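None of the values given here were measured: they were computed from a predicted structure.
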Amino acid sequence: MAFSSSSISPCCSFRLSSNSYSPETYLKAKVKKIDAFNNNTHTFPLLQCYPFLNSKWERGELFKFGIRTAVTTEEYLLDGATENIQFLKGDSWSVHKFGGTCVGNSERIRNVADVIIQDQSEGKLVVVSAMSKVTDMMYDLIYKAQSRDESYLTALDAVLEKHKLTAMDLLDGDELASFLSRIHHDINNLKAMLRAIYIAGHATESFTDFVAGHGELWSAQLLASVVRMSGVECKWMDTREVLVVNPMSSNQVDPDYLKSGERLEKWYSKNPSMTIIATGFIASTPQDIPTTLKRDGSDFSAAIMGALFKARQVTIWTDVDGVYSADPRKVSEAVILERLSYQEAWEMSYFGANVLHPRTIVPVMQYDIPIIIKNIFNLAAPGTRICRSTDNEFEDGQISESPVKGFATIDKLALVNVEGTGMTGVPGTASDIFGTVKSVGANVIMISQASSEHSICFAVPEKEVKAVADALESRFGEALSSGRLSQISVIPGCSILAAVGQRMASSSGVSATFFSALAKANINIRAIAQGCSEYNVTVVVKQEDCVRALRAVHSRFYLTRTAIAVGIVGPGLIGGTLLDQLKDQSSVLKEKFNIDLRVMGIIGQDSMLLSDSGIDLSKWKELRSQKGETADLNKFVQHVSENYFIPNSVLVDCTADSHIASHYYDWLHRGIHVVTPNKKANSGPLDRYLKLRDLQRLSYTHYFYEATVGAGLPIISTLRGLLETGDKILRIEGIFSGTLSYIFNNFMGTKAFSQVVKEAKVAGYTEPDPRDDLSGTDVARKVIILARESGLNLELSDIPVQSLVPEPLRATASAEDFLMDLPKFDHELSKQRQEAEDEEEVLRYVGVVDVVNGKGAVELRRYNKDHPFAQLSGSDNIIAFTTERYCKQPLIVRGPGAGAEVTAGGIFSDILRLASYLGAPS
């Protein structure tokens, strides 16, 4: 029935003297007069009259009275006798809650109906949210109406059309006709209310709650109709008739379980059914005024109903497989938790995990009713069970593995620090601080105070920190002026990271592991808090470090003890061989040694291959050719070091490029570990080397370069072991070049030197241009590296080098020309060989570090045939350490010192040493 302002004006002009009647009589008289216009249906004409009522008091009281009568069923108002049907509570009932995405369209509503029908419970109470996005649409209606934006009418039509189309797809016959009749009636009422809001330019909280709750009314009616059409007897419940809540603030209500229980029994006596579809989100005040349970209210509704029914369990159906150990958007390898205690779920919810609203857990706890989180789109997934913890929890393998169940974060926070000697031992200081914070309506997320009481810091949302700081400075202005307080400082751009687990209290070393993981990921902690219950450990970090911190602790407790993102620079002969070794060994390392090595990127001179989760090393070459992109070293480094789930990263430089080596300092400074066989950094300018080593010593970032001297031989580690255990190095002497070892091991009899060089090149022992080996520069770099490791501050230019390249051939254009002209100079070396043989000696090209005299040299020397250096074969290297402990008999390290396999093996060994430093089992 349509009403115009002219048709309403007679009733609205009706006047009664408020002095002659009580307020209740006065209002009832107005309602009675208005009733005549709409067959005793209160809400619609009342709302039409809203703008024309005489006073704010009339409007408020009449609205309360009208809405109260609208949501109180006719049975409650009449005194007629009703048959009393007993309502049996207990384990025979199960409660289900379906969120908006679960009932987002007609197909999903059918799926929900199937789940309900297939549930074998004797009694089923189903709580439903509004269809996806509908609650937002309803709030948008209110916003537009109070903004006097006439498009609210079009928006309301869209709401109607959405539900009409869904109903026509799901229903037919009487069910369809009945639903369409009810929704048209509701829409007409909403139009009247929104018109009143439009005219007034304001919507009270009660008006807002009344409008917003209609989505649940419609979805519950739709679902109930679908279930009935499947042959299952079913009733739908408007929970405003049952749930009674006391508003405590604008965003919180407290259920009145006693009154709600009484109303439930009365409702059930008139609507007996073993399948009930109930509205989520909405309820009534003790005065029967419609209200809501605020955001996430449908979960809260289900928990309250579970408590009222004393149900066997409450199942929350959503669009995820359960509760994750961390936010999967930040940690892609987060796992589904099989079980959480009530306290753990509560803690994780508080710290922002997408579990449940903390208040949802309260109603079910008192009756030990478990909550099951399940995925409506993956019915086979077991979900997460939230229940009271028990002593036999250890039977669950997952739980016994890690005392930390999950990690949660809160971003966009600021730390406020109040500091001063005047706080020590002064009662009431903390009360004054937090009373001041409360006065500006700010929410304190976390508090941390040292036992000295010298300072107290707390975290608040960043948007509230200015008001907090201003209020504190005003309140404690005198204390600041007198020096009793030294400062009130604000640190913006912070995040909270919380580790949650009930077993943390009974497990030693959890905090140590937690903080160790953060330290090794180079995360600086701003503040720490932990309650005596030990259900959570909370830290404040920079917001920019939060995701990396989250990945660090999650990987430490959930992935493996050591997860490392690897970036390979230079996939040539050595780099390619290393990738093959990683491919063959990665699964063994993960299964047997708990080491997870993920190659996240491979970069060459022209192109690079990047991956978010790890490159398939069985086909990295094909992937690089198919999906490779233009090489960009900065982008490559950023990708490897700032990946989404692995906190530790290492760059492996397999090149001999000085430009690449010049980036090591920056990489280490950014917390990226470096492993390399590249000699250029450690044999380059002394000041750069010292700066690099100083940085390494001052940080938790590691720099390993074993393969720079002996390929796969443990030269650097042996030297360090001697020094670290207090031995004193006197002299290091060795054959450091596999190429020159091969050449002089075969330079025997009547063979010419040029002939042996050619054979070595053909066999693949030399560089493409043999002069790179014969010049001795490579050996000199190894000597300078060992000299610096031994404590000598020498430059490469301080090392005299005897080059085996004849002076006239050093400027020859090509390697081929060099090899062609080399026989012309065989005489000199043949002469030296003969002289050595005459003395029962051999020629060997060696590097020497004379630590006692502080110098080094690279030269061709003669050794007796029974000397260890004369016993070599092939391309073996040999290094002799003469120390105070090994003075009479030097410590000898001997083995293959050249070749892609052994060099790659040396690099691989350094990567595993890094893993050991980061926590992998030895």
Pairs satisfying salt bridge (Lys or Arg N to Asp or Glu O under 4.0 Å), at least one member in [range], at least two apart:
range            : value
residues 850-859 : E859-R861
residues 806-822 : E807-R810, D821-K824
residues 793-805 : R788-E795

(message) I'd like to check the side-chain hydrogen bond (donor to acceptor under 3.5 Å, both in side chains) partners of D876; sequence neighbours left out, ordered by chain and number.
(response) none
Ring pair (Phe, Tyr, Trp, His ring centres under 6.0 Å): pairs with one or both residues in [range], sequence neighbours excluded:
range            : result
residues 794-838 : none
residues 845-882 : Y863-H867, Y863-F869, H867-F869
residues 713-751 : Y742-Y765, F744-F753, F747-F753

(message) I'd like to check the ring-ring contact (aromatic ring centres under 6.0 Å, His included) partners of H702; sequence neighbours left out, ordered by chain and number.
(response) H673, F704, Y917
(message) Tell me whether D773 is salt-bridged to R771, with the criterion being a basic N under 4.0 Å from an acidic carboxylate O.
(response) no
Just distance, no hydrogens or angles: give the donor-acceptor pairs under 3.5 Å from side chains in residues 887-895, sequence neighbours left out.
{"from": "R894", "atom 1": "NH2", "to": "Q871", "atom 2": "O", "distance (Å)": "3.1"}

(request) Identify the heavy atoms of A752 and D826 that sit nearest to each other, and give their distance. (result) CB-OD2, 3.3 Å
(message) Keeping D910 on the side-chain end and E706 on the backbone end, is there a donor-acceptor pair under 3.5 Å?
(response) yes
(message) Run the salt bridge (charged side-chain N to carboxylate O under 4.0 Å, His left out) test against K761 and tell me which residues pass, sequence neighbours left out.
(response) none
(message) Contact between I735 and L872 at the side-chain level, heavy atoms closer than 4.5 Å - yes or no?
(response) yes
(message) Just so I know, are the side chains of V762 and E759 near enough to count as touching, which here means a heavy-atom distance under 4.5 Å?
(response) no
(message) My understanding is that only one of N682, V849, I715 makes a side-chain contact (heavy atoms from CB on, under 4.5 Å) with I785; could you say which?
(response) N682
Check residues 663-670 and write down every donor-acceptor pair under 3.5 Å in which the side-chain atom is one partner and the other belongs to a residue at least two apart or another chain.
{"from": "H663", "atom 1": "ND1", "to": "H659", "atom 2": "O", "distance (Å)": "2.9"}
{"from": "Y664", "atom 1": "OH", "to": "D653", "atom 2": "OD2", "distance (Å)": "2.4"}
{"from": "Y664", "atom 1": "OH", "to": "T676", "atom 2": "OG1", "distance (Å)": "3.0"}

Compile the donor-acceptor pairs under 3.5 Å between side chains in residues 565-581 and protein atoms, sequence neighbours left out, one pair per line.
{"from": "T577", "atom 1": "OG1", "to": "L573", "atom 2": "O", "distance (Å)": "2.6"}
{"from": "Q581", "atom 1": "OE1", "to": "G905", "atom 2": "N", "distance (Å)": "3.4"}
{"from": "Q581", "atom 1": "NE2", "to": "E901", "atom 2": "O", "distance (Å)": "3.2"}
{"from": "Q581", "atom 1": "NE2", "to": "E901", "atom 2": "OE1", "distance (Å)": "3.3"}

